[in-house]
**Student:** 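Below you will find the structure I want to go over with you.
Sequence lines set the chain letters: A, B, ... in the order given, protein chains first and strands last, and positions in each chain run from 1.
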There are 2 protein chains.
Amino acid sequence: MKVTISDIAKAANVAKSTVSKVLNDSPKISQETKHRVREIMKQMNYTPSSIATQLARQSSYNIGLLVDMSKESEFLNQFFYNIIGGIESVIVSLKYELTISNVQHSNPEGHFLNRLVLSKRVDGIIANNSVLTEDLSAELVRLQFPFISIGELAGSAGWVDFDNELGGRMLTSHLLEQGYSAVAFIGGEEKEKIFTHRCNGYMQALHQSGFTVHKEWIVNCKANEHEGYQAALKLLQGENPPDSIVCMSNYAAFGVLQAAKELGIHVPSQLGVAAFDEYPLSRYTTPPLTSLNIDTFKLGVASGHLLMDRILYPDNPPRHVLLEPELIQRESTRRNS
Amino acid sequence: MKVTISDIAKAANVAKSTVSKVLNDSPKISQETKHRVREIMKQMNYTPSSIATQLARQSSYNIGLLVDMSKESEFLNQFFYNIIGGIESVIVSLKYELTISNVQHSNPEGHFLNRLVLSKRVDGIIANNSVLTEDLSAELVRLQFPFISIGELAGSAGWVDFDNELGGRMLTSHLLEQGYSAVAFIGGEEKEKIFTHRCNGYMQALHQSGFTVHKEWIVNCKANEHEGYQAALKLLQGENPPDSIVCMSNYAAFGVLQAAKELGIHVPSQLGVAAFDEYPLSRYTTPPLTSLNIDTFKLGVASGHLLMDRILYPDNPPRHVLLEPELIQRESTRRNS
DNA sequence: TTGTAGGCGTTATCAA
DNA sequence: TTGATAACGCCTACAA
């Protein structure tokens, strides 16, 4: 039924090794032979077995994308499709395929280190920094196994990330440029790196324009609708209310808009609102949100490139890439309209 | 460096085949030997090569999820993460992994039929019906290659889908139960199966309650914000305006809400609005939308099960699964509030 | 209960 | 330019 390299060899009256060379377009084979063998391959409907190739070449031609599906990762959930598309677009031309794998910390037998890495099921790994703990990262380094983190990582690992500090600066500066002068920051947990970066950017922008940072204008909370709402209520009803707010997420911003509406505070004339992330709401809120778009396809592309780099040139040092976000202006910060 | 089954055999003073049997927990091996061999495997840090196993067993232990990334598929884009999670959750316990693959119609060399199917890189395929054309489907059937479509498919193929007809009935009945009596339907293209099903459900619900169907209340258009807006404007300003609208998507409903707002028509007291799909907007519109949630994780689970069924029991006839949507009531249809 | 030998379908190294 | 032959690392009769 299934036709192998031997069948082709017999039919073409050449050795298996010759067929193999034709397959790989070796320059040592005459055009004539190539042509003849290929003809026969077509006739016999032959497609080489990728598994056999993998075994012989000692490479799976497979790269793994690790995900922790148990955590409701807003980020991945939103952008998974684009990231995958990005990765795929770079690896496919190198004959690689993408394996998605759920890291289940429940079953140690099925730990991805065994399932994918040690068993050589994949030649390299991409994962975001919520699954790549320091331990795991160190272990992969020790095993000299190629991997790239989506999201900044300590240690000698390659990673790609968005420039969150720059993002914080961009949103804050934008508000200041619009004429707002009392900018607050809502959302994020104090220890989180992503919060730290963004908030640093926020503070930098303030300093740069000669404003001082008010501690009480930086509110740590979950970046969701409810907590955004609460935080805004409190801030806006406080002694010293801000006239604009940078929000850690679309959802937090949604909560802020609700709070403003209830308090009869008009956006954008009385309150400017700007948010990180463009999806999924910012186009559809009332008023539409000024937000910071990140090109997650590019994120995938970059991580794919870095990983292939690790695989093909293991001796090069791991690289880091910071991607620039893009400001999308909408009504929620149009102070003078 | 890398330790193989032979190394273990030598170290344990047994034959390779014995080690292999231990690996597969064969009942023909004494507990003592098993124990001893396993001990040594641990000591030597041995993990079997999946590729070698695949070759020996003639199975890739891999299933492929096909996607056409060139098409901006709202559906996949939204629900990719959940679907993948669902599929993964069922195949992983059977030692399978998930390969995501982009079907690029551009490069015939890299066509997935060669890249994945004929080269035996995957043992089965899941794809949505936008990539599984009739031709491809027929070809896979001819090759006796296991596959499952996400979305109804003609011919002798297995598939899973949501019960769109039921969904149409549910939304429409709900509006009628709320006391609305003139229900329109906006969005969808006439030839699309998904539109046909949903609209059939809509019409069934009307008939069932003794209402007649007004042709002019069924508006075919793209299910996006802009066309939903236009359609609603026209309908609501027409001779015979409806008092409620079923929308093909969140986005179309968003457009409808905008139109109503502009015309000074109050939702829900003067106009009821209900939409297919729960994400991404329905919780966040003004007022929040009554909508039809579909559990896309279950969709993944079901397709995974059906596929594994095809792989493990190829002689069973292909099965079909219709999943039930769930109505989520929100303010947009609360007529008497 | 364990061991021997051959096979899975390629690629790679030599010779010819 | 081609051909034998030995890997690659595991599994599976069949034999002991």
**Student:** Could you check how far CD of A:Glu32 sits from P of D:dT1, rounded to whole Å?
**Tutor:** 11 Å
**Student:** Let's see if you get this right: which residues in residues 43-54 of chain B place a heavy atom under 4.0 Å from DNA chain D?
**Tutor:** B:Tyr46, B:Pro48, B:Ser49, B:Ala52, B:Thr53
**Student:** What is the distance, to the nearest angstrom, from the OH atom on A:Tyr61 to the P atom on C:dT10?
**Tutor:** 15 Å
**Student:** Taking atom C1' of C:dG6 as reference, at what distance in whole Å does atom CD1 of B:Ile5 sit?
**Tutor:** 15 Å
**Student:** Please round to the nearest 0.5 Å and tell me the distance separating atom CG of A:Leu65 and atom CG of A:Leu307.
**Tutor:** 10.5 Å
**Student:** Does a nitrogen or oxygen in the side chain of A:Gln58 sit under 4.0 Å from OP1 or OP2 of D:dG9?
**Tutor:** yes
**Student:** Heavy atoms within less than 4.0 Å of DNA chain D: which residues of residues 6-22 of chain A have one? Give them sorted by number.
**Tutor:** A:Asn13, A:Val14, A:Ala15, A:Ser17, A:Thr18, A:Lys21
**Student:** Please test A:Glu39 against A:Gln43 for side chain to side chain contact (heavy atoms under 4.5 Å, CB included), starting from the C-alpha separation and ending with a verdict.
**Tutor:** CA-CA 6 Å; A:Glu39 213 45 50; A:Gln43 276 172 37; 4.2 Å; yes
**Student:** By nearest atom, which of the nucleotides C:dT1, D:dT2, C:dG9 is closest to the A:Thr33 side chain?
**Tutor:** D:dT2
**Student:** To check you understand the geometry: which heavy-atom pair defines the closest contact between B:Ser149 and B:Leu132, and what is its length?
**Tutor:** CB-CD2, 3.8 Å
**Student:** Nearest-Å distance, NZ (A:Lys28) to P (C:dC14)?
**Tutor:** 11 Å
**Student:** Taking atom P of C:dT10 as reference, at what distance in whole Å does atom CE of A:Met41 sit?
**Tutor:** 11 Å
**Student:** Is a side-chain donor or acceptor of A:Ser119 paired with a backbone partner of B:Pro48 at a separation under 3.5 angstrom?
**Tutor:** no
**Student:** Measure from CG on A:Leu23 to P on C:dT10 and round the result to the nearest Å.
**Tutor:** 7 Å
**Student:** To the nearest 0.5 Å, how far apart are CG in B:Leu66 and CE in B:Met69?
**Tutor:** 10.0 Å
**Student:** Report the nucleotide, chosen from D:dT2, C:dT2, D:dG9, that has the shortest atom-to-atom distance to any side-chain atom of A:Ile29.
**Tutor:** D:dT2
**Student:** To the nearest 0.5 Å, what is the distance between CD1 (A:Ile100) and CD1 (B:Ile100)?
**Tutor:** 4.5 Å
**Student:** Mapping B:Arg57 and B:Pro27 onto DNA chain C by nearest heavy atom, which one lands closer to the 5' end?
**Tutor:** B:Pro27
**Student:** Kindly list each side-chain donor-acceptor pair under 3.5 angstrom involving residues 79-98 of chain B, sequence neighbours excluded, with atom names and distances?
**Tutor:**
from: B:Asn82; atom 1: ND2; to: B:Thr296; atom 2: OG1; distance (Å): 3.3
from: B:Glu88; atom 1: OE2; to: A:Asn102; atom 2: N; distance (Å): 3.0
from: B:Ser89; atom 1: OG; to: B:Gly86; atom 2: O; distance (Å): 2.7
from: B:Ser93; atom 1: OG; to: B:Val90; atom 2: O; distance (Å): 3.2
from: B:Tyr96; atom 1: OH; to: B:Asp123; atom 2: OD2; distance (Å): 3.3
from: B:Glu97; atom 1: OE1; to: A:Ser101; atom 2: OG; distance (Å): 3.1
from: B:Glu97; atom 1: OE2; to: A:Arg115; atom 2: NE; distance (Å): 2.8

**Student:** Taking B:Arg319's backbone N and O only, do any of them form a donor-acceptor pair with B:Arg310's side chain (distance below 3.5 Å, no angle check)?
**Tutor:** no
**Student:** For A:Arg36 and D:dT2, give me the distance from atom CZ to atom C1', rounded to whole Å.
**Tutor:** 11 Å
**Student:** How bent is the helix from C:dT1-D:dA16 to C:dA16-D:dT1, comparing axes over its five end pairs at each side, to the nearest 10°?
**Tutor:** 40°
**Student:** Do any side-chain atoms of residues 150-162 of chain A form donor-acceptor pairs under 3.5 angstrom with protein atoms, and if so which ones, sequence neighbours left out?
**Tutor:**
from: A:Glu152; atom 1: OE1; to: A:His197; atom 2: NE2; distance (Å): 2.7
from: A:Trp159; atom 1: NE1; to: A:Leu153; atom 2: O; distance (Å): 3.2
from: A:Asp161; atom 1: OD2; to: A:Glu152; atom 2: N; distance (Å): 3.0

**Student:** Any carboxylate oxygen within less than 4.0 angstrom of a Lys/Arg side-chain nitrogen, looking at A:Glu139 and A:Arg142?
**Tutor:** yes
**Student:** Taking atom P of C:dT11 as reference, at what distance in whole Å does atom CG of A:Leu55 sit?
**Tutor:** 11 Å
**Student:** Grab the two heavy atoms, one from B:Gly300 and one from B:Ser303, that are nearest each other, plus how far apart they are.
**Tutor:** O-OG, 2.9 Å
**Student:** What pairs of donor and acceptor atoms, side-chain ones from residues 4-23 of chain B against any protein atom, are under 3.5 angstrom apart with sequence neighbours left out?
**Tutor:**
from: B:Thr4; atom 1: OG1; to: B:Ser6; atom 2: N; distance (Å): 3.2
from: B:Asp7; atom 1: OD2; to: B:Thr4; atom 2: N; distance (Å): 2.8

